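The next block holds one structure in the form of structure tokens; read it before the comments.
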Amino acid sequence: MDVLRIRGGVPLSGVVSASGSKNAALPMMASCLLAEGPTILERVPNLVDVQTLGQLLTDLGCAVRTSQDGTLSIEVVEESSSEAEYELVRKMRASVCVLGPLLAKRGFARVSLPGGCQIGHRPIDLHLQGLSALGADIEIRNGSVVASAQKLRGARVTMSGPFGSSVTGTCNVMSAATLAHGKTSIEGAAQEPEVVALAEFLNAMGAKIEGAGTETIEIEGVEGLRGTEFTIIPDRIEAATLLIAGAITRGSLAVDDLCVSHLEAVLEVLSDIGVAVEATSSSSVRVDATGNSFRPLRVSAVPYPGVPTDVQAQLMAFLSTIRGQSSIRDQVFPDRFIHCAELNRMGASIQQFGNRAVIRGVDRLQGTHVMASDLRASAALVLAGLVAQGETVVRRIYHLDRGYEVLESKLRCVGADIERMDAADCMKPVQTEMRHSA
Ligand code: UD1
């Protein structure tokens with residue numbers, strides 16, 4: 001099993017590019033089930049999650065072809081199987097995105113229930129309520145959602161739950177409603193850029209969707225959708241992670257090929273902390289943290305356009321290195337704090353109180369062996385390793401590979417001392433050499 005070995009203390013400098021968005025690509029791939037003819041997606045990140053969904057779509061009768069340049073072609077060639085098995089769904093919760101498209105196009109879907117995960121309890125009740133409001137018969141049978149409908153009917157649906165609106169729930173219901181009879185109104189819709197991108201994609205296929213990006217999305221059902229060509233939006237979470245990498249190492253780093261307007265809340269946080277942040281165009285941001293003095297901060301992770309929960313762990317790593325008391329509240333996933341214990345093993349001082357973590361900044365983090373627990377927690381540990389004194393070994397990086405395309409190569413290109421290796425090759429004791437003072 002692979003690990004990442006990082007020797008901390010090198011301020012990152014130079015330019016690095018963001019990849020296409022995983023969270024935009026996945027629901028778009030699933031929505032290809034709705035269309036007649038081939039769809040070509042460009043700028044698809046080469047990630048394990050994308051491969052997993054590609055495998056699921058193949059099982060569901062699609063011809064899926066990937067090419068080296070990030071182009072993915074998907075065409076439904078056969079509609080006899082509408083069942084998503086546990087083996088694939090357990091690897092990736094976003095597999096649930098096939099539920100709405102299968103139901104709308106084939107009238108039937110059986111999708112294994114995704115279950116819980118390391119970032120907390122993750123129900124899909126809003127997805128199911130939304131699809132039943134469209135007229136689907138839904139039951140839970142032997143651990144799977146079994147949904148059927150001769151023809152979905154437009155309806156008024158709400159997507160807001162106790163922790164905000166569901167992003168993939170909105171995607172599921174919006175996709176299904178494109179082929180429903182009549183008009184659907186999704187209230188309390190998630191407003192994330194990935195939802196807007198999906199609406200634009202579905203419209204390019206012939207759907208009639210308005211209002212994506214606001215809290216009410218209106219969909220007029222159409223008879224059919226056809227394949228199209230579409231370019232995936234930049235990955236705002238990866239871009240934020242790279243910007244924080246520049247800041248945590250006290251470097252000067254530009255990230256290109258991102259979308260500045262998707263990152264406003266994160267840029268504001270970095271600027272409030274004292275990082276010099278400059279948007280040099282609508283697709284490029286430079287952070288400069290050389291010689292700055294930083295302030296602790298209180299941050300809340302909330303739905304878009306606020307600070308994303310998917311950046312919470314990375315910000316926590318950064319705040320751990322800033323003198324004074326900071327706090328982070330996660331209002332989307334209140335239990336998403338497993339990374340605190342691993343950061344504390346690196347010398348951080350973080351205490352969790354319910355959905356809030358209090359962070360007392362330390363002068364330096366120390367390298368050690370740490371264990372990644374989920375995708376964004378892995379990124380936080382890598383960031384901490386980049387600034388820690390000595391050597392950090394991050395284990396279980398299969399979590400990282402689900403959502404970051406060639407992260408270590410990108411970081412190495414801007415100066416990081418980071419390498420991927422077999423776990424067996426890094427069993428020697430961690431070096432305690434003094435290479436850095438944060
Ligand atoms: C998506 C993102 C994930 C991100 C999350 C929140 C993808 C593939 N994943 O996940 O990276 O962290 O949005 O921005 O896009 N909830 C319910 N009932 C439901 C569904 C959700 O109560 O039926 C709750 C969840 O437990 C959570 C909150 O609503 O507390 C938001 O979850 P949701 O937006 O659905 O997350 P995902 O779409 O799974």
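Note that the structure is a prediction, hence the values are computed from the model and not measured. We count residues from 1, following the sequence as given. Each ligand, and each atom within it, is numbered from 1 in the order the structure gives.
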Self-check item: Arg336 to ligand 1, any heavy atom closer than 4.0 Å
Solution: yes
Practice problem: Report the part of Glu194 in contact with ligand 1, treating N, CA, C, O as backbone and CB onward as side chain, heavy atoms under 4.0 Å; options are side chain, backbone, both, neither. | Solution: neither
Practice problem: Identify which of Tyr304, Phe163, Phe333 has a heavy atom lying nearest to atom 36 (O) of ligand 1. | Solution: Phe333
Practice problem: List every atom of ligand 1 that sits less than 4.0 Å from any heavy atom of Thr309, numbering the atoms from 1 in the order shown and giving each element. | Solution: 6 (C), 12 (O), 14 (O)
Quiz prompt | Residue part near ligand 1, for Val167, under 4.0 Å between non-hydrogen atoms | solution = both
Quiz prompt | Which of the ligand 1 atoms, numbered from 1, are nearer than 4.0 Å to a heavy atom of Ile124 | solution = 19 (C), 23 (O)
Quiz item: Between CD of Gln331 and OG1 of Thr309, what distance do you get to the nearest 0.5 Å?
Solution: 10.5 Å
Exercise. For Arg122 and ligand 1, answer yes if some heavy atom of the residue is under 4.0 Å from a ligand atom, otherwise no.
Key: yes
Quiz prompt | Atoms of ligand 1 close to His127 [distance to a heavy atom under 4.0 angstrom, numbered from 1] | solution = 23 (O)
Quiz item: Tell me, which pairs form a salt bridge (charged side-chain N to carboxylate O under 4.0 Å, His left out) where one or both residues lie in residues 144-153, sequence neighbours left out?
Solution: none
Quiz item: Listed by chain and number, what are the side-chain contact (heavy atoms from CB on, under 4.5 Å) partners of Ala377, not counting sequence neighbours?
Solution: His339, Ser373, Asp374
Quiz prompt | Region of Gln312 that comes within reach of ligand 1 [heavy atoms, distance under 4.0 Å] | solution = neither
Quiz item: Does the pair Asp310/Arg336 count as a salt bridge with the N-to-O cut at 4.0 Å?
Solution: yes
Quiz item: For residues Ser19 and Asp235, is any side-chain donor paired with an opposing acceptor at under 3.5 Å?
Solution: no
Quiz prompt | Contact check, Ser166 vs ligand 1, heavy-atom distance below 4.0 Å | solution = yes
Practice problem: For Asp125, take its heavy atoms, then give the atoms of ligand 1 lying under 4.0 Å from any of them. | Solution: 17 (C), 18 (N), 19 (C), 22 (O), 23 (O)
Quiz prompt | Proximity to ligand 1 by part of Leu128, non-hydrogen separation under 4.0 Å | solution = neither
Quiz item: Judged by non-hydrogen atoms, does Ser165 sit under 4.0 Å from ligand 1?
Solution: yes
Quiz item: What part of Leu126, side chain from CB on, backbone N/CA/C/O, both or neither, has a heavy atom under 4.0 Å from ligand 1?
Solution: both
